[in-house]
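Report on the structure given below.
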Amino acid sequence: MQRRDALASLMTSGAGLLLGACSSPPASSEGPSEAQIGVLLQQLTGYTLRPGEGAKVQASLDGNRFTAAVDPTIQPQSDFDPDIDV
Amino acid sequence: MSPDPAFPTIAELAGDLRARRVASVDVVRQALDRARGLESALNSFITLIPDAALEEARQMDAEIARGQYRGPLHGIPISIKDHIDTAGIRTTAGAKSRVANVPAADAAVVRRLKRAGAVIIGKANMNKFADGESGDNPDFGKIRNPWNRDYSPGGSSSGSGAQVAAGIVPLSVGTDNGGSVRIPAALCGVVGLKPTHGRISLEGIFPRLYTLDHPGPLTRTVEDCAIALQVLAGHDAGDTTTARRPVPDYGAGLRTGIKGMVIGVDRGYVTVGQPDVLAAFDVALDALRSLGASVVDVTLPPFDQLLAVGNTIASCEYSVAAAQLFHEHPSDFDAAVPPAASSADIKAGALIPAVDYIRATQQRRVLQSAYARATHDTAVVVAPTYPLAGRPFGPYPRVQNREFTANDAIRYTFSFDLLGLPAISVPCGFSHDGFPVGLQFIGRAFDESTVLRAAHAYEQATTWHTRHPTVVGL
């Protein structure tokens with residue numbers, strides 16, 4: 001599958017570029033296919049998906065994304081400092 | 001209780017070395033003999049360096065004879081977790097693919113220890129890439145718990161915990177990004193300190209989670225932990241995250257007790273664990289009250305919120321830290337022992353959008369503030385260290401009639417890596433089947449002194465730290 005096809009498939013399924021792990025649930029209950037995940041992984045990270053690994057990548061991604069709403073005025077921590085004023 | 005001659009503390013040894021009642025070369029030789037004698041039983045070392053250690057010990061003795069005493073680590077045998085660089089000594093991070101990695105320079109913590117006169121006898125076995133708390137290294141084998149060799153010493157500083165508990169060395173330096181100093185300390189019945197993030201330099205340490213990694217000492221007593229921290233702590237130009245704050249005298253207030261100290265406990269947080277662990281915790285609270293402390297209820301930010309933020313940060317940072325390694329040796333991740341990150345986890349981490357990571361760091365600030373507000377009126381907070389008494393290799397046991405998860409395993413430790421706060425684990429009892437249990441004191445940022453004071457008061461009021469395993473193999 002070409003990358004353009006994979007992206008189009010994900011966009012139309014509602015999964016977007018985020019492999020179904022975004023805060024909006026995908027329209028399709030099936031989620032992205034192994035091939036779609038493989039194309040995106042290759043394009044975005046350079047990694048190659050091994051046969052049968054797509055579901056594990058998807059599960060790990062689902063479990064490790066932080067998608068909750070956050071006050072956008074809070075300064076992100078570019079250099080972590082454990083000391084904090086109350 | 002009188003000192004156990006088989007398990008001398010740093011403080012005891014230091015007095016004898018300084019007064020030349022014993023020689024470093026004899027102490028180091030004894031440590032090496034014990035290390036070799038127990039290696040088939042514990043598998044706690046990746047590399048032993050007997051010749052270099054004995055030569056170093058001779059030099060340390062010569063210095064003391066000339067009156068050039070460096071301090072309480074002078075001539076003391078120690079070990080170093082094997083992902084901390086040691087010049088001229090292979091540093092594997094627990095991976096056979098890295099056995100040819102011989103650093104040209106010492107890590108900052110090693111430089112400090114050597115300047116203080118400590119004698120490194122070897123590099124401790126560990127969870128591969130400091131990932132997970134299984135104590136099961138697929139490349140260098142299972143590390144065994146001296147209290148029961150069928151069980152894990154915990155991890156990822158597995159060999160460090162086993163060696164201190166087994167009386168091989170009185171100090172081993174490990175690292176902690178989810179509990180990796182404190183969990184083996186608890187499971188091996190020793191003391192483990194994770195200081196404030198930025199208190200000890202990370203320069204020269206195999207990076208795993210940039211904002212969660214913390215070096216820390218494992219010792220047999222709180223006093224020894226304070227001695228080690230005194231040497232390890234301080235700003236390092238090689239690590240921009242180290243604090244420029246002055247390092248206090250950690251021994252100064254150690255014996256002043258905790259009468260009147262306000263200690264927080266979140267009953268809603270301390271809910272997961274085997275019955276023996278939760279019971280030991282309750283008994284420890286009574287002991288703290290009997291020492292004059294006031295134990296008050298606090299409500300900490302929910303662990304689920306901390307975990308959600310921490311998982312995103314950890315996943316992203318590890319995918320960056322491990323990228324080159326993963327590119328060069330992808331097979332290193334094939335045999336990952338759960339809960340260590342697999343190949344799929346590394347790939348998934350690289351797919352997490354930057355906006356998620358940024359949001360997580362924003363929320364981390366929110367949680368820091370929430371924690372600081374919740375504990376504002378307390379000097380320290382206490383919690384168990386690890387929910388299990390005895391960590392089997394392989395799957396976790398069922399606990400409280402449900403599956404015990406990897407998230408449960410770090411329930412009492414990971415939060416304080418994420419928040420960067422100092423936390424120490426001290427022995428607080430034993431399970432009915434003979435496994436040590438740990439009690440954790442958590443303090444405010446850069447207030448290790450109060451953490452050590454509270455832990456020392458508790459330790460001295462109990463005898464748990466005086467119990468030692470009987471290890472066969474010698």
Side-chain angles (χ1 to χ4, degrees), chain A residues 3 6-7 10 15-24 31-86, chain B residues 196-199 210-212 240-241 243 245 305 308-316 319 323 326-327 330 334 341-353 355-369 371-373 375-376 407 416 418-422 444-446:
Chain A
R3 176 174 178 253
L7 291 174
L10 286 169
L17 283 173
L18 306 179
L19 302 182
C22 56
S23 52
S24 309
S33 69
E34 176 102 0
Q36 289 169 331
I37 295 171
V39 170
L40 284 172
L41 189 69
Q42 175 67 44
Q43 291 292 331
L44 295 176
T45 72
Y47 292 138
T48 304
L49 198 65
R50 294 175 183 171
E53 200 178 37
K56 292 178 185 171
V57 171
Q58 175 80 59
S60 182
L61 189 56
D62 287 348
N64 289 312
R65 290 201 51 203
F66 185 76
T67 55
V70 175
D71 179 352
T73 65
I74 296 170
Q75 184 71 20
Q77 288 170 319
S78 57
D79 200 3
F80 177 56
D81 182 351
D83 203 4
I84 188 94
D85 293 327
V86 177
Chain B
T196 310
H197 191 83
R199 186 77 286 182
Y210 301 107
T211 65
L212 294 163
T240 57
T241 67
R245 290 165 178 252
Q305 291 184 20
V309 168
N311 278 348
T312 298
I313 291 172
S315 185
C316 292
S319 284
F326 189 58
H327 176 72
D334 289 347
S342 66
S343 166
D345 294 323
I346 299 295
K347 292 172 181 173
L351 280 173
I352 293 175
V355 292
D356 285 11
Y357 183 83
I358 291 171
R359 281 196 193 110
T361 68
Q362 289 174 301
Q363 190 63 16
R364 187 187 210 171
R365 282 192 193 275
V366 173
L367 293 169
Q368 280 183 272
S369 293
Y371 184 91
R373 281 194 301 274
T375 60
H376 185 259
N407 288 341
F416 310 112
L418 180 71
L419 299 171
L421 301 174
R444 295 177 184 165
F446 297 103

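Reckoned from all heavy atoms, side chains included, excluding hydrogens, waters and symmetry mates. Below, chains carry the letters A, B, ... as their sequence lines are ordered, and counting in each starts from 1.
The minimum heavy-atom distance between B:Val366 and A:Ile74, with the atom names listed, is CG2-CD1, 3.2 Å. Of all heavy-atom pairs spanning A:Tyr47 and B:Ser319, the tightest one is OH-O, 4.4 Å. Listed here is the closest heavy atom pair of A:Thr48 and B:Lys347: O-NZ, 2.7 Å. The heavy-atom pair separating A:Glu53 from B:Ala344 by the smallest distance is OE2-N, 3.5 Å. Of all heavy-atom pairs spanning B:Ile358 and A:Pro76, the tightest one is CG2-CG, 3.6 Å.
Taking OG1 of A:Thr45 as the start and CD1 of B:Ile352 as the end, the distance is 12.0 Å to the nearest 0.5 Å. Put simply, CD on A:Gln43 and CG on B:Leu351 are 12.0 Å apart, with the number rounded to the nearest 0.5 Å. Annotation: the span from A:Phe66 atom CZ to B:Gln362 atom CD amounts to 9.0 Å, rounded to 0.5 Å.
Ranked by heavy-atom pairs under 4.5 Å with chain A, the first of B:Ile346, B:Ile313, B:Asp334 is B:Asp334.
Partners of A:Ser60 according to the side-chain contact (heavy atoms from CB on, under 4.5 Å) rule, which considers only residues two or more places apart in sequence or in another chain, are A:Asn64, B:Asp345, B:Ala348.
With a 4.5 Å cut-off on non-hydrogen atoms, B:Tyr371 does not touch chain A at all. A:Ala68 touches chain B through its backbone: at least one of N, CA, C or O sits under 4.5 Å from a heavy atom, while the side chain does not. For B:Ala323, the parts sitting under 4.5 Å from any heavy atom of chain A are the backbone and the side chain alike. Interface residue B:Arg245: only side-chain heavy atoms are found under 4.5 Å from chain A. Residue contact with chain A, scored on non-hydrogen atoms closer than 4.5 Å, is absent for B:Val355. Proximity to chain A (any heavy atom under 4.5 Å) is shown, for B:Ser342, by neither the backbone nor the side chain.
In terms of modelled atom types and a separation under 3.5 Å, the side chain of A:Arg65 and the main chain of B:Asp356 share no donor-acceptor contact.
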